[in-house]
Protein chains: 2
Amino acid sequence: MDLEPKQNIRLCVDAVVFGYTAKESISVLLIKRTIPPFMHRWALPGGFVIDGETLEEAVTRELETEAGVHINYLEQLYTFGQPERDPRGRIISIAYFGLVNPTNFKLAASSDAEDANWFDIKKLPDLAFDHSAIVETAIKRLRAKIRYEPIGFELLDQKFPISDLEKLYETVLDRPIDRRNFQKKINHLGILAGHNEKQKHPSAGRPAKLYSFNEERYFQLKKEGISFEI
Amino acid sequence: MDLEPKQNIRLCVDAVVFGYTAKESISVLLIKRTIPPFMHRWALPGGFVIDGETLEEAVTRELETEAGVHINYLEQLYTFGQPERDPRGRIISIAYFGLVNPTNFKLAASSDAEDANWFDIKKLPDLAFDHSAIVETAIKRLRAKIRYEPIGFELLDQKFPISDLEKLYETVLDRPIDRRNFQKKINHLGILAGHNEKQKHPSAGRPAKLYSFNEERYFQLKKEGISFEI
DNA sequence: CCAAAAGTGTTAAGAGTACACCCATGA
DNA sequence: TCATGGGTGTACTCTTAACACTTTTGG
């Protein structure tokens, strides 16, 4: 514990932020690097931790300055510390996992980033550093989470048709789900409240009834844990 | 990502290693500190990361040198980075979660530690730094793991009566379990192989049949994940 | 023969799964 | 009126949960 070798190790944070739109799919926020190494390559938003700030503050700061994202949900994902993961030297990255609703704001690439954009998790470009491995880990976390926590509040619009939620599950689990069984299960959890309102301009078909989350119940179940095997 | 403020941050690893014996209970390995800060206080084994080594190498090294423990199972737990968590300055700790069978070796406190010992998770002393919070996090992880992974191989003797495994589950989940339903469930998973051998000197009662894990099946289910709601 | 722990099966309730037809809307 | 997606129920299977008496051993 107490030998104190001079360490030549630096610390950064990176964020895997997922967004979702029913038309498209689950996407990850990436920024395009303006400086070496990996200049002009896509990478996760992130950066060095400043001495006095907490890790969460570092992530939040980087997301705001690099992409204009005000994050909705954030949890620690994993710490990546392989000695060779960064060509600049020993740099440890504490990766975070975030969720936002991308329709709530406009992405804004800043000085730090040439560009910022959403990428479908099935069509990711080559990423800088070991960021592909980080994204992989985050996707696994997302798939695992959906089994024991309600999900959707942080990703969907305030009011949404049940089919949006169902598509979210289908996308994350990467397989089809029976509509009737899904609704039965969701109703049984009691996390949705219906409204006397319908979808405004469906691209086709009968307009769907809109729902929103019962936040109290949602966060209670998030704490207690559920078993959602579908 | 690329401003590089001079960081004055150091990096250490700490390990929450769980051991189990059916007579006693689930225990955590602690060492007694020989130097300030928190001199003579119990703390988690751990220490500073050396420049070229991976995080896992750092944990393994510290466990061997501080307590003579050759670890059996290790996974990353969480990274603790609050700026005030260590009075010596900004020190980030990457905490690991480990499992061993304590009957396999003798603890050996080394120069770095005044003493090394097992403590029942229900009777922990006051710990140095934020180590109580780290242990809390590890216990939560253990309770969560038992629900979606088989557990026991790393903790129990090679051959054991089913009641040992059942007590493990009861201890981790902290509630009684119905013996018949438990056995049905475990048999259904197919992770145990019976032997034509009985417990040698039970403290009382009928000697139990001994079992061991079917490792192939065990690790297969560990990978696939199970849903063990009992 | 007594105390202690092991071995063992049935039933009832709830959850999961598979499956198809009619309805409301816009073009 | 057609195409598109929304809304809805039933039957079967499987899993879970509750529950108690008999057997084997050592003292």
Side-chain angles (χ1 to χ4, degrees), chain A residues 21-24 146-148 150 156-157 159-171 173 175-212 221 224-230, chain B residues 21-24 146-148 150 156-157 159-171 173 175-212 221 224-230:
Chain A
T21 52
K23 292 120 224 153
E24 294 153 45
I146 210 169
R147 289 178 50 184
Y148 60 83
L156 298 177
D157 292 335
K159 291 180 183 178
F160 54 87
I162 287 199
S163 61
D164 272 19
L165 186 61
E166 191 204 322
K167 274 176 214 146
L168 170 60
Y169 275 77
E170 287 186 327
T171 310
L173 295 173
R175 60 186 167 75
I177 291 175
D178 182 272
R179 268 191 309 146
R180 282 171 289 189
N181 293 339
F182 180 78
Q183 295 209 13
K184 229 183 300 171
K185 190 113 198 194
I186 290 286
N187 284 334
H188 187 70
L189 291 176
I191 54 176
L192 293 190
H195 295 266
N196 288 327
E197 225 177 309
K198 302 200 164 175
Q199 218 177 1
K200 286 289 178 277
H201 301 292
S203 54
R206 174 176 174 175
K209 191 174 171 192
L210 295 179
Y211 289 83
S212 57
L221 289 179
E224 289 173 10
I226 59 174
S227 173
F228 199 94
E229 301 294 339
I230 204 160
Chain B
T21 52
K23 294 119 224 157
E24 295 153 46
I146 210 169
R147 291 176 50 182
Y148 60 83
L156 298 176
D157 292 335
K159 290 179 182 176
F160 55 87
I162 288 200
S163 60
D164 272 19
L165 186 60
E166 192 203 322
K167 276 177 213 144
L168 170 60
Y169 275 76
E170 287 186 327
T171 310
L173 295 173
R175 61 185 167 77
I177 291 174
D178 182 273
R179 269 191 308 146
R180 283 170 289 189
N181 293 339
F182 181 78
Q183 294 208 13
K184 231 181 298 172
K185 190 114 197 193
I186 291 287
N187 284 335
H188 187 71
L189 290 177
I191 54 176
L192 292 190
H195 296 269
N196 289 328
E197 222 178 312
K198 301 202 166 174
Q199 216 177 3
K200 284 291 178 272
H201 300 291
S203 55
R206 174 176 175 175
K209 190 174 171 191
L210 295 179
Y211 290 84
S212 57
L221 288 180
E224 290 174 6
I226 59 174
S227 174
F228 198 93
E229 301 293 340
I230 204 162

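Predicted, not measured: the structure shown is a model, and the values here were computed from it. Letters go in sequence order (proteins before strands), and every chain restarts at 1.
- Protein atom CD of Q199(B) is 11 Å distant from nucleotide atom P of dA5(C), rounded to whole Å.
- Each of dA18(C), dG7(D), dA17(D) was ranked by its minimum atom distance to the side chain of N181(B); first place goes to dA17(D).
- When the C1' atom of dT8(D) is taken as reference, atom CG of N187(A) falls 11 Å away, rounded to whole Å.
- Between R180(A) and P161(B), the residue anchored nearer the 5' end of DNA chain C, judged by the nucleotide with its closest heavy atom, is P161(B).
- Among the protein residues, K209(A) comes within range of the sugar-phosphate backbone only, with heavy atoms under 4.0 Å from sugar or phosphate atoms but none that close to a base.
- Taking for each of S203(B) and I230(A) the nucleotide of DNA chain C with the nearest heavy atom, the 5'-most of the two is the partner of S203(B).
- Distance CZ/F160(B) to CG/L168(B): 9.5 Å, rounded to 0.5 Å.
- For the residue pair K184(A)/N181(A), the side-chain donor-acceptor check at 3.5 Å is satisfied.
- Between the P atom of dG5(D) and the CZ atom of R179(A) lies a distance of 11 Å, rounded to the nearest Å.
- Atom CG in L173(A) sits about 12 Å away from atom P in dT17(C), given to the nearest Å.
- Spacing between atom CD1 of I177(B) and atom P of dA6(C) amounts to 14 Å, rounded to whole angstrom units.
- Listed here is the closest heavy atom pair of E166(A) and I177(A): OE2-O, 3.5 Å.
- Between K200(B) and E229(B), the residue anchored nearer the 5' end of DNA chain D, judged by the nucleotide with its closest heavy atom, is E229(B).
- Nucleotides of DNA chain D nearest to A204(A) and P207(B) differ in position, and the one nearer the 5' end is that of A204(A).
- Straight-line distance from the NE2 atom of H201(A) to the C1' atom of dA24(C): 16 Å, rounded to whole Å.
- Comparing dT25(D), dG7(D), dA6(C) by their closest approach to the side chain of A208(B) singles out dA6(C).
- K184(A) comes within 4.0 angstrom of a base, heavy atoms only.
- Using cut-offs of 30° and 60° for the angle between ring planes, the F182(A) and F228(A) rings count as perpendicular.
- As rounded to whole Å, 9 Å separates atom P of dG7(C) from atom CG of L210(B).
- Within the structure, a side-chain polar atom (N or O) of K185(B) is placed less than 4.0 Å from OP1 or OP2 of dT16(D).
- No engagement by P202(A) is indicated, since no non-hydrogen atom pair under 4.0 Å with the nucleic acid exists.
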Under 3.5 Å donor-acceptor pairs involving side-chain atoms of residues 188-211 of chain A, not counting sequence neighbours:
| residue | atom | partner | partner atom | Å |
| --- | --- | --- | --- | --- |
| H195(A) | NE2 | S212(A) | OG | 2.7 |
| E197(A) | OE1 | K159(A) | NZ | 2.7 |
| Q199(A) | OE1 | A208(A) | N | 3.0 |

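- For dA15(C), the OP1/OP2 oxygens have a side-chain nitrogen or oxygen of H188(A) closer than 4.0 Å.
- Regarding D178(B), its CG atom lies at a distance of 15 Å from the P atom of dT8(C), rounded to whole Å.
- You won't find any donor-acceptor pair under 3.5 Å spanning the side chain of R206(B) and the base of dG26(D), going by distance alone.
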